[in-house]
Amino acid sequence: MAKRVSLSGNEAVAFGMKQINPDVVAAFPITPSTEVPQYFSQFVANGEVDTEFVAVESEHSAMSACIGAAAAGGRVMTATASAGLALMWEMLYVGASMRLPMVLAVTNRALSGPINIHNDHSDTMGARDSGWIQLYSESAQEAYDNLIQAVKIGEHKDVQLPVMVCYDGFITSHAVENLEMLDDEDVKKFVGEKRIAPFALLGQDPVSMGPLDLPNHYFEHKRLQAEAMKNAKKVILEVAAEYEKLTGRKYGFFEEYKMEDAEVAIVVINSTAGTAKHVVDTLRAQGKKVGLIKIRVFRPFPAEELADALRNVKAVAVMDKADSFSAAGGPLFAEVRSAMYGRVDGKIVINYIYGLGGRDVTTAQIEKVYADLFNAIETGKYEVYNYLGVRE
Amino acid sequence: MPNLKELSKKKVRLTGGHRMCAGCGAPMVVNWILKALDDDVRAVISNATGCLEVSTCLYPYTSWKDSWIHTAFENAAATISGAEAAFKAMKRKGHIDGKYKFIAFGGDGGTYDIGLQSLSGAMERGHDMLYVCYDNGAYMNTGIQRSSATPYGADTTTSPAGKVKPGKEQFRKDLTEIMVAHHLPYVAQTVPVIPGTPYMFDLYNKAEKAFSIEGPKFMNVLTPCPRGWRIDTATELEVVKLAVETCFWPLYEVENGVYKINYIPKEKKPITEWLKAQGRFKHLLKPENEHIVQKIQEEVDRRWERLLYLAGVK
């Protein structure tokens with residue numbers, strides 16, 4: 001029987017890890033993710049898991065040790081944020097291209113500089129092309145649910161890719177929420193037992209991994225990697241369906257909130273969706289046809305499905321909690337607009353960069369975004385690339 | 001002393017046909033290290049980016065008969081530490097059994113410099129592993145750039161000898177001593193197998209000892225690079241011998257903090273013997289650079305005296 005608990009996002013993730021009972025957790029503390037390895041090392045100290053906890057001297061070594069452990073054939077997890085993820089950068093690409101399933105819990109935090117410990121999405125957005133699957137979470141419940149599904153998605157034979165589970169630093173990582181946790185036995189059954197694959201370092205026969213790969217083969221290997229990411233789309237939905245049977249909680253590529261007859265919509269990631277849903281309710285009560293899409297799966301990007309979901313709106317605001325400094329809009333904006341092009345043309349698509357470095361985003365600001373969208377439809381006048389809630 | 005006839009029966013774990021340069025010392029070192037494993041032991045090997053890595057595993061070929069992994073330049077130690085941790089956990093769960101040894105190989109670039117943090121971390125954490133540095137005194141894979149292992153005065157492509165600079169202007173980092181400061185159960189410094197010397201099997205013996213000890217071990221092996229040292233492949237082991245006979249590269253080991261010098265030359269040869277054997281030091285032998293040679297001799301003497309003191313010989 002599932003149980004109701006009150007936990008912070010980091011606690012929910014750490015308890016999820018305990019239920020998964022991985023072979024290796026190699027981690028290095030960084031705010032606001034520190035609690036995850038902290039709680040987890042206590043589970044190890046108490047003998048509550050079989051895991052080997054490797055307290056490495058840096059995030060680069062954390063990811064390197066995770067790769068070594070995953071290559072050996074083990075089930076591997078870690079956690080980090082911000083600069084820690086940035087220090088892993090080189091190894092993120094290596095892990096993905098070696099097709100090693102691993103799960104990395106990221107408490108989203110602004111990247112330096114200037115140094116800032118609060119939430120935005122510049123860390124994981126920067127890692128968006130590293131070849132990792134990226135799942136985003138609005139709440140502690142979603143972080144927990146995504147974590148458990150991540151194991152199964154990454155280890156699927158048609159995928160074999162590492163997965164990032166992202167949730168907002170402090171807002172989700174530290175705030176205590178009520179959530180439903182599965183029984184240990186159910187988690188164990190759901191993720192299954194990981195056995196050493198025949199092609200692992202500790203498999204039946206010796207293997208060489210990470211060869212020098214020159215122009216006559218490298219391209220084909222990258223093509224296979226791209227195919228795995230395409231396969232992940234199907235697997236993510238299959239795993240979600242199985243998880244729904246177990247929990248009653250439904251997951252897809254994204255969540256549509258009051259989109260059926262929406263004229264305008266915003267597309268958003270992580271905890272801001274909660275604030276924005278409240279705004280949707282308020283405006284709906286005033287008779288305004290507004291909706292919201294919350295992205296759960298950013299890699300692989302559900303381009304077709306998203307375009308389809310936006311088919312009936314007239315104007316869309318894409319909310320980016322990270323700028324890509326392209327001078328033309330944030331990363332989510334670029335993806336969403338590109339997904340719409342040629343599929344659902346003729347829409348107004350506006351970008352808002354908001355909340356950088358943990359700046360609060362208010363309901364009033366989100367109301368303004370919806371007002372801007374209606375105004376854009378009415379007047380045909382709007383700016384594409386906007387900063388929201390900043391002192392100019 | 002090991003029996004050569006017996007040793008020749010042991011399985012070869014790094015096969016020929018790889019693309020290392022003729023005369024490269026690295027595969028000799030690797031083969032002799034791996035020869036010290038019992039035949040029923042499976043090795044899991046992590047290899048830092050470098051000559052050894054790019055030349056022994058070029059897709060779709062591999063020269064390695066054991067499981068082998070390369071992930072990046074600076075993290076051979078962290079990578080193998082993860083594999084070792086996975087082995088421990090999976091053994092605890094009953095998923096695996098059998099005899100495994102976890103080994104990392106890196107050049108001086110991947111060990112003294114970019115990989116030092118990763119190495120230090122893995123050693124401090126106490127993984128059951130052996131890290132072997134094949135030190136040829138420069139970044140040879142990228143074309144002979146200076147490293148912190150490059151000897152004073154060496155002409156490299158990033159410490160070139162010129163009109164106002166005599167090559168590298170710093171003495172080499174003493175990595176073996178840095179590893180000793182980690183208080184590991186076993187640290188050793190050695191050279192490849194050189195037939196006809198009293199220390200012919202020094203490398204093999206040390207590898208064998210390292211494998212018999214549980215916990216983190218480190219071996220530093222001076223390894224000839226004919227390209228970088230600008231020496232003749234036919235006489236390269238003679239050059240390595242001079243490193244030992246001049247006390248530029250003393251053979252010693254430190255077991256649980258106790259120093260033991262494995263070879264003390266009856267008569268220490270002058271450092272010029274080592275310098276003049278190699279093209280990279282050629283410029284130092286000009287009369288105007290005599291003071292530099294003097295400076296190198298003093299530093300070699302100082303380090304040797306210190307070692308004698310630490311080993312209780314003096």
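Bear in mind the structure is a predicted one, so any value in this text is a computation, not a measurement. Chain naming here is simple, since letters A, B, ... match the order of the sequence lines and numbering starts at 1 in each. Below, each value reflects all heavy atoms present in this structure, side chains not excepted, and no hydrogens, waters or symmetry copies.
- Of the listed residues (A:K194, A:M63, A:H60), the greatest number of heavy-atom pairs within a distance under 4.5 Å of chain B belongs to A:H60.
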Evaluate side-chain contact (heavy atoms from CB on, under 4.5 Å) for B:R92 paired with A:E52, printing each intermediate quantity in order. CA-CA 10 Å; B:R92 197 152 49 228; A:E52 203 54 38; 2.8 Å; yes
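- Going from atom CD1 of A:I196 over to atom CD1 of B:I96 covers 3.5 Å, rounded to the nearest 0.5 Å.
- Taken from OG in B:S67 to CG in A:L202, the straight-line distance is 7.0 Å, to the nearest 0.5 Å.
- Sparse packing is recorded around NZ of B:K65, with 12 or fewer heavy atoms of other residues, nucleotides or ligands lying under 6.0 Å away.
- Side-chain atoms of B:H70 never come within 3.5 Å of backbone atoms of A:P211 as a donor-acceptor pair (strictly under, hydrogens ignored).
- Between B:I69 and A:M98, some side-chain heavy-atom pair lies under the 4.5 Å cut-off.
- Contacts of B:E74 with chain A are made by side-chain atoms alone, with heavy-atom separations under 4.5 Å and no backbone atom involved.
- The two atoms that bring B:N75 and A:S64 nearest to each other are ND2-OG, 2.8 Å, heavy atoms only.
- The candidate with the highest count of non-hydrogen atom pairs below 4.5 Å against chain B, out of A:G74, A:G68, A:P22, is A:G68.
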Between B:H95 and A:E193, does the side-chain hydrogen bond (donor to acceptor under 3.5 Å, both in side chains) criterion hold? Intermediate values first, please. CA-CA 10 Å; B:H95 290 182; A:E193 195 158 37; 3.2 Å; yes
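- Taking every heavy atom of both residues into account, A:A72 and B:M90 meet most closely at O-CE, 4.0 Å.
- By the 6.0 Å contact criterion, NZ on A:K189 is open, its count of non-hydrogen atoms from other residues, nucleotides or ligands being 12 or less.
- Contact between B:R125 and A:A55 at its shortest, heavy atoms only, is CD-O, 3.4 Å.
- Residue A:K188 places its NZ atom among 12 or fewer non-hydrogen atoms of other residues, nucleotides or ligands, all under 6.0 Å distant.
- Across B:A76, B:A89, B:S81, B:G98, the residue that shares the most heavy-atom pairs under 4.5 angstrom with chain A is B:A89.
- Proximity to chain B involves both the backbone and the side chain of A:V56, based on heavy atoms less than 4.5 angstrom apart.
- Scanning both residues, B:K93 and A:N21, for their nearest heavy atoms gives NZ-O, 3.0 Å.
- Side-chain atoms of B:Y59 and A:L214, non-hydrogen and from C-beta on, never get closer than 4.5 Å to each other.
- For B:Y100, the part sitting under 4.5 Å from any heavy atom of chain A is the side chain, from C-beta outward, and nothing else.
- A distance-only check finds no donor-acceptor pair linking the side chain of A:S208 to the backbone of B:W68 [under 3.5 Å].
- With a 4.5 angstrom heavy-atom cutoff, B:E53 touches chain A only via side-chain atoms.
- Rounded to the nearest 0.5 angstrom, B:T71 OG1 and A:I67 CD1 are separated by 6.0 Å.
- Across B:R42 and A:L201, no two heavy atoms sit closer than the pair NH2-O, 3.7 Å.
- Note that CD of B:Q117 and OG of A:S58 are 4.5 Å apart. Values are rounded to the nearest 0.5 Å.
- Under a cut-off of 6.0 angstrom, the local environment of CD in A:E220 is crowded, with over 12 non-hydrogen atoms contributed by other residues, nucleotides or ligands.
- At a 4.5 Å heavy-atom cutoff, the contact between B:V44 and chain A is made by side-chain atoms alone.
- Around atom CZ of B:R227, no more than 12 heavy atoms belonging to other residues, nucleotides or ligands sit under 6.0 Å away.
- For A:R195, the CZ atom counts as densely surrounded, since its 6.0 Å shell holds more than 12 non-hydrogen atoms of other residues, nucleotides or ligands.
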Test side-chain contact (heavy atoms from CB on, under 4.5 Å) on B:K88 and A:D23 and set out the steps. CA-CA 9 Å; B:K88 272 196 221 154; A:D23 294 304; over 6 Å; no
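- The minimum heavy-atom distance linking A:E57 with B:S118 is given by the pair OE2-CA, 3.6 Å.
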